[in-house]
A.B. asks: 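This is the structure I have questions about; it appears just below.
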Amino acid sequence: MTTMTSWTVANSRKLARKERRRQLGPLSALTHVALLVWTVLVAVPILWTFLSSVKSEDEIFGNAWTMPATLHWDNFVRAWDKAHVGQYMLNSVIVVGFGVFGTMLIGSMAAYVLARYSFRLNRAIYLVFVSGLAFPVFLALSPLFFVVQNIGRQVPLIGPYIGINTHAGLILVYIAYSMPFTIFFLAAFFRTLPTAVAEAAMVDGASHTRVFFQIMLPMARPGLVSITIFNVLGQWNQYQLPLVLLQDRDKWVLTQGIADISTAAGYEHDFSALFAALTMAILPMLVVYVIFQRQIQSGLTTGALK
């Protein structure tokens with residue numbers, strides 16, 4: 001009986017796919033071609049980087065797609081020790097970890113209030129947040145530098161810890177620049193959640209804070225996971241902001257370290273270490289996305305279907 005049911009489901013799916021292809025016609029073929037081209041454009045440079053990370057200098061500048069005669073794992077050792085990739089990666093983990101945590105905490109609370117409560121200027125405040133999506137980061141780099149610098153000089157007690165050339169200052173800027181998309185995404189998600197459960201909890205005496213943290217946040221888990229991964233990827237790959245706000249080499253994040261290695265490689269001819277450093281920068285984010293890709297898709301489709 002179970003086998004018969006499985007066969008019926010599989011057959012129904014095949015028929016549904018054939019019907020969609022028939023309805024789309026030539027558009028279906030063009031879509032598959034576009035996806036194939038996009039896959040090649042993304043996958044080939046990554047695979048070439050991974051392959052070059054275990055090659056010698058002569059093999060890198062020889063035939064690009066030949067397999068290395070020997071796997072040169074010492075490239076990773078030089079990148080980790082000599083180029084200080086280990087220190088840069090630790091700095092990135094600290095900055096991105098606290099930055100994403102602050103973004104999700106503040107962003108989820110703001111999105112929840114804007115999505116579920118009616119008050120004056122609600123729509124105006126939401127539009128102010130969302131307007132940040134249209135503001136390129138590089139346009140604000142000069143004024144941002146002076147703002148953070150003035151905060152460090154003028155704010156009593158904590159100013160020196162959140163000013164220029166501090167990880168805390170960079171974390172605050174990361175939170176601010178990640179806020180527009182976080183609120184835009186989560187506000188739309190919170191609007192789709194049913195109100196009956198929250199109202200029942202309020203009737204039973206639950207506070208607004210308890211309803212948010214114990215009821216609404218667990219219900220919004222798919223959306224939270226999706227936007228968390230997007231924020232991790234965006235903050236991990238950020239280069240312009242740390243370039244302006246962090247000056248001491250020992251406080252650099254990974255993107256600054258990779259850029260420095262790239263510049264130095266042109267003089268020292270150590271491109272093997274450069275590709276090893278790039279591989280170490282790419283792999284954590286690739287692993288995160290592979291592990292959580294189902295949750296990301298679930299969060300996006302859940303919000304769309306509701």
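In what follows, every heavy atom counts, from backbone to side chain, and hydrogens, waters and symmetry copies are set aside. Given the structure is predicted, the values throughout are model-derived calculations rather than measurements.
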A.B. asks: Contact between Trp80 and Met89 at the side-chain level, heavy atoms closer than 4.5 Å - yes or no?
C.D. replies: yes
A.B. asks: List the atom of Pro160, the atom of Thr166, and the distance in Å for their closest heavy-atom pair.
C.D. replies: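 Reported closest heavy-atom pair: O-CG2, 3.4 Å.
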A.B. asks: Within a radius of less than 6.0 Å around OH of Tyr126, do more than 12 heavy atoms belonging to other residues, nucleotides or ligands occur?
C.D. replies: yes
A.B. asks: For the residue pair Asn231 and Thr182, confirm or rule out a side-chain donor-acceptor distance under 3.5 Å.
C.D. replies: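 Checked: Asn231/Thr182 side chains pair up, N/O donor to acceptor below 3.5 Å.
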A.B. asks: If you take all heavy atoms of Asn165 and Lys251, which pair is closest and at what distance?
C.D. replies: O-NZ, 2.9 Å
A.B. asks: Taking a hydrophobic cluster as the set of Ile, Leu, Val, Met, Phe, Trp and Tyr residues connected by side-chain heavy atoms closer than 4.5 Å, whether directly or through intermediates, do Leu233 and Trp38 fall within one such cluster?
C.D. replies: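 No, it is not one cluster - the side chains of Leu233 and Trp38 are not joined through contacts under 4.5 Å.
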A.B. asks: With a sphere of 6.0 Å drawn around CZ of Phe129, does it hold more than 12 non-hydrogen atoms of other residues, nucleotides or ligands?
C.D. replies: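 No, not enclosed.
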A.B. asks: Answer with yes or no whether the hydrophobic clustering places Ile94 together with Met285; edges join I, L, V, M, F, W, Y residues whose side-chain heavy atoms lie under 4.5 Å apart.
C.D. replies: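 As far as the 4.5 Å side-chain criterion goes, Met285 and Ile94 are connected within one cluster.
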A.B. asks: Checking Asn75 side chain against Ser53 main chain: does a donor-acceptor pair fall under 3.5 Å?
C.D. replies: yes
A.B. asks: Within the supplied structure, the quantity of interest is the number of heavy atoms (other residues, nucleotides, ligands) at a distance under 6.0 Å from Phe190 CZ; does it exceed 12?
C.D. replies: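 Yes, the 6.0 Å shell around CZ holds more than 12 heavy atoms from other groups.
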A.B. asks: Considering all heavy atoms of both residues, which atom of Asn122 and which atom of Tyr117 are nearest to each other, and what is their separation?
C.D. replies: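 Result for this residue pair: ND2-O, 2.7 Å.
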A.B. asks: What do the steps show when you test Phe212 against Ser108 for side chain to side chain contact (heavy atoms under 4.5 Å, CB included), and what is the final call?
C.D. replies: CA-CA 9 Å; Phe212 173 68; Ser108 61; 3.7 Å; yes
A.B. asks: How close do Ser272 and Ser56 get, heavy atom to heavy atom, and via which atoms?
C.D. replies: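 Nearest pair, atom of Ser272 first, then Ser56: OG-C, 3.6 Å.
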A.B. asks: Out of curiosity, Thr70 OG1 to His72 NE2, how far, rounded to the nearest 0.5 Å?
C.D. replies: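 Going from OG1 on Thr70 over to NE2 on His72, the span is 5.0 Å.
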A.B. asks: Taking only residues at least two apart or on different chains, which pairs with a member in residues 134-168 satisfy ring-ring contact (aromatic ring centres under 6.0 Å, His included)?
C.D. replies: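 The answer is none; no pair qualifies.
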A.B. asks: Are Leu217 and Tyr112 packed together at the side-chain level, in the sense that at least one heavy-atom pair is separated by less than 4.5 angstrom?
C.D. replies: no
A.B. asks: Report the distance from atom CG of Leu114 to atom CG of Leu186, rounding to the nearest 0.5 Å.
C.D. replies: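 If I round to the nearest 0.5 Å, the distance is 11.0 Å.
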A.B. asks: Tell me yes or no: between the side chains of Gln256 and Asp260, is some donor less than 3.5 Å from an acceptor?
C.D. replies: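 Absent: no donor and acceptor within the cut-off.
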A.B. asks: Are the side chains of Asp204 and Met202 in touch, meaning some heavy atoms are under 4.5 Å apart?
C.D. replies: no
A.B. asks: Following the transitive rule for hydrophobic clusters with a side-chain heavy-atom cut-off under 4.5 Å over Ile, Leu, Val, Met, Phe, Trp and Tyr, establish whether Leu243 and Val253 coincide in one cluster.
C.D. replies: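 No, because Leu243 and Val253 fall into different hydrophobic clusters, even though each may have its own neighbours under 4.5 Å.
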A.B. asks: Counting only heavy atoms not in Arg210, do more than 12 sit closer than 6.0 Å to its CZ atom?
C.D. replies: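 No - once you tally the heavy atoms of other residues, nucleotides and ligands closer than 6.0 Å, there are 12 at most.
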A.B. asks: As an exercise, state the distance from CZ of Phe189 to CE of Met216, rounded to the nearest 0.5 Å.
C.D. replies: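 Reported to 0.5 Å precision, the distance equals 10.0 Å.
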A.B. asks: Between Tyr88 and His84, what is the ring plane arrangement, given parallel below 30°, perpendicular above 60°, and tilted in between?
C.D. replies: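 Perpendicular: the ring planes of Tyr88 and His84 meet at over 60°.
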A.B. asks: Taking C-beta and beyond as the side chain, do Phe119 and Ile125 meet within less than 4.5 Å on heavy atoms?
C.D. replies: yes
A.B. asks: Between Leu47 and Val290, is there a shared hydrophobic cluster once you connect ILVMFWY residues whose side-chain heavy atoms come closer than 4.5 Å?
C.D. replies: no
A.B. asks: Working note: Gln235 + Ser178, criterion side-chain hydrogen bond (donor to acceptor under 3.5 Å, both in side chains); need CA distance, chi angles, decisive distance, verdict.
C.D. replies: CA-CA 8 Å; Gln235 294 183 17; Ser178 301; 3.0 Å; yes
A.B. asks: Restricting to non-hydrogen atoms, name the atom on Pro68 and the atom on Leu51 that form the minimum distance, rounded to 0.1 Å.
C.D. replies: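 Taking Pro68 first and Leu51 second, the nearest heavy atoms are CD-CD1, 3.7 Å.
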A.B. asks: In the single-linkage hydrophobic clustering (I, L, V, M, F, W, Y; side-chain heavy atoms under 4.5 Å), do Ile46 and Val44 co-cluster?
C.D. replies: no
A.B. asks: Report the distance from atom OG1 of Thr195 to atom CZ of Arg191, rounding to the nearest 0.5 Å.
C.D. replies: 14.5 Å
A.B. asks: Answer whether the closest heavy-atom distance between the side chains of Thr279 and Phe76 falls below 4.5 Å.
C.D. replies: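 A side-chain contact under 4.5 Å exists here.
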A.B. asks: Report the C-alpha distance between Arg116 and Leu193 in whole Å, list the side-chain angles of each, state the deciding distance to 0.1 Å, and finish with yes or no for side chain to side chain contact (heavy atoms under 4.5 Å, CB included).
C.D. replies: CA-CA 10 Å; Arg116 310 288 295 197; Leu193 298 180; 3.8 Å; yes
A.B. asks: Less than 4.5 Å apart, side chain to side chain, heavy atoms only: is that true for Gln87 and Trp252?
C.D. replies: no
A.B. asks: Tell me the closest heavy-atom pair linking Pro45 and Val40, and the distance in Å.
C.D. replies: CD-O, 4.0 Å
A.B. asks: Report the C-alpha distance between Leu286 and Phe50 in whole Å, list the side-chain angles of each, state the deciding distance to 0.1 Å, and finish with yes or no for side chain to side chain contact (heavy atoms under 4.5 Å, CB included).
C.D. replies: CA-CA 12 Å; Leu286 191 61; Phe50 290 169; 4.1 Å; yes
A.B. asks: Roughly how far, to the nearest 0.5 Å, is OG1 of Thr103 from CD1 of Ile175?
C.D. replies: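 Spacing of CD1 (Ile175) from OG1 (Thr103) equals 5.0 Å.
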A.B. asks: Out of Thr255, Val95, Val288, Leu254, which one pairs with Trp236 under the side chain to side chain contact (heavy atoms under 4.5 Å, CB included) rule?
C.D. replies: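 Result: among Thr255, Val95, Val288, Leu254, Leu254 is the only option passing the side chain to side chain contact (heavy atoms under 4.5 Å, CB included) with Trp236.
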A.B. asks: Using only atom types and a distance under 3.5 Å, with no angle test, would you say the side chain of Gln238 pairs donor to acceptor with the backbone of Gln240?
C.D. replies: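 Side chain of Gln238 to backbone of Gln240: a pair is present.
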A.B. asks: Identify which one of Val148, Leu172, Leu141 satisfies the side chain to side chain contact (heavy atoms under 4.5 Å, CB included) criterion when paired with Leu245.
C.D. replies: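 For Leu245, the side chain to side chain contact (heavy atoms under 4.5 Å, CB included) test succeeds with only one of Val148, Leu172, Leu141, which is Val148.
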A.B. asks: Are Tyr174 and Phe98 an aromatic pair by the rule of ring centers under 6.0 Å?
C.D. replies: no
A.B. asks: Hey, mind stepping through Val244 and Leu144 against side chain to side chain contact (heavy atoms under 4.5 Å, CB included) and telling me if it holds?
C.D. replies: CA-CA 9 Å; Val244 172; Leu144 179 64; over 6 Å; no
A.B. asks: Does the side chain of Glu59 come under 3.5 Å of the side chain of Thr66 through a donor N or O and an acceptor N or O?
C.D. replies: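 Short answer, no.
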A.B. asks: Taking atom CD1 of Ile282 and atom CG of Leu278, what is their separation to the nearest 0.5 Å?
C.D. replies: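 Going from CD1 on Ile282 over to CG on Leu278, the span is 5.5 Å.
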